[in-house]
Amino acid sequence: MGSLDFIPVGVKPLADYVQALANRFVRLGVSEPNRVLSCVVSWSSLYDRIKERQYDDPHLLVLKDTVQHGEAKDVNIRDDAMLRMQGWIYVLNVDGLHELIL
């Protein structure tokens with residue numbers, strides 16, 4: 001849920017600057033009255049492509065079921081739904097993903 005408020009004319013350049021930062025994926029958090037925390041949020045489209053194609057392989061679908069039943073040791077699925085083997089993201093060699101990474 002958002003809020004709406006009038007911005008005084010003298011503050012408008014600052015508000016425009018904050019909006020420009022937000023458009024560049026910079027998030028601002030006000031935790032204390034005199035301090036502002038800024039962080040850049042970025043996400044690679046390559047990551048999304050890997051995630052979309054990860055379960056196109058029938059062997060990985062079997063492995064995914066094994067992981068979900070708790071029967072795999074070095075393989076896990078984290079909160080981001082990416083299959084990882086020994087901490088590494090598993091990347092199929094489809095659509096030139098290996099070449100893009102290299």
Side-chain angles (χ1 to χ4, degrees):
M1 196 185 291
S3 63
L4 179 65
D5 197 359
F6 288 101
I7 299 172
V9 174
V11 181
K12 187 176 181 319
L14 177 61
D16 289 340
Y17 182 70
V18 169
Q19 182 62 48
L21 288 174
N23 291 340
R24 290 186 181 95
F25 303 106
V26 174
R27 299 292 176 248
L28 302 175
V30 179
S31 57
E32 296 180 26
N34 297 328
R35 296 182 183 173
V36 175
L37 173 66
S38 171
C39 77
V40 176
V41 178
S42 65
W43 197 260
S44 170
S45 63
L46 180 60
Y47 185 86
D48 290 333
R49 287 179 62 186
I50 293 168
K51 187 175 177 178
E52 289 170 6
R53 301 301 306 265
Q54 199 171 47
Y55 296 111
D56 287 353
D57 185 328
H59 294 84
L60 284 184
L61 289 175
V62 172
L63 186 56
K64 178 183 176 185
D65 289 339
T66 304
V67 170
Q68 289 175 334
H69 289 98
E71 300 169 6
K73 292 181 182 179
D74 294 332
V75 182
N76 62 28
I77 300 172
R78 295 193 184 163
D79 293 339
D80 59 3
M82 292 286 277
L83 181 70
R84 298 172 191 264
M85 295 182 181
Q86 298 177 347
W88 294 83
I89 296 173
Y90 186 84
V91 180
L92 287 174
N93 193 15
V94 294
D95 292 341
L97 288 176
H98 284 184
E99 289 77 22
L100 282 172
I101 292 170
L102 295 174

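Note that this is a predicted model, so its numbers are computed, not measured. The residues of the chain are indexed from 1 along the displayed sequence.
Side-chain atoms of Asp57 come within 3.5 Å of backbone N or O of His59 as a donor-acceptor pair.
Atom NE2 of His98 is separated from atom CG of Leu92 by 7.0 Å, given to the nearest 0.5 angstrom. Atom-to-atom distance recorded for Leu83:CG and Arg78:CZ is 11.0 Å, nearest 0.5 angstrom. Summarising the geometry, atom CZ belonging to Arg84 is positioned 14.5 Å from atom CG belonging to Asp74; distances are rounded to the nearest 0.5 Å. Rounded to the nearest 0.5 angstrom, Asp95 CG and Arg53 CZ are separated by 4.0 Å. Atom NZ of Lys51 is separated from atom CD1 of Ile89 by 10.0 Å, given to the nearest 0.5 angstrom. To the nearest 0.5 angstrom, Thr66 atom OG1 is 6.0 Å from Glu71 atom CD.
Between Arg49 and Leu100, some side-chain heavy-atom pair lies under the 4.5 Å cut-off. The closest side-chain heavy-atom distance from Lys64 to Ile77 is below 4.5 Å.
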### Task
Verify side chain to side chain contact (heavy atoms under 4.5 Å, CB included) between Asn76 and Met85, making sure each step is shown before the conclusion.
CA-CA 7 Å; Asn76 62 28; Met85 295 182 181; over 6 Å; no
### Query
Should Asp56 and Leu61 be marked as a side chain to side chain contact (heavy atoms under 4.5 Å, CB included) after you check the CA-CA gap, both sets of side-chain angles, and the distance that decides it?
CA-CA 8 Å; Asp56 287 353; Leu61 289 175; over 6 Å; no
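Following chains of ILVMFWY side-chain contacts shorter than 4.5 Å, one can reach Ile101 starting from Tyr47, so the two form part of one hydrophobic cluster. Put simply, Tyr90 and Val62 are part of two different groups of oily side chains (I, L, V, M, F, W, Y) that touch within less than 4.5 Å, one to the next.
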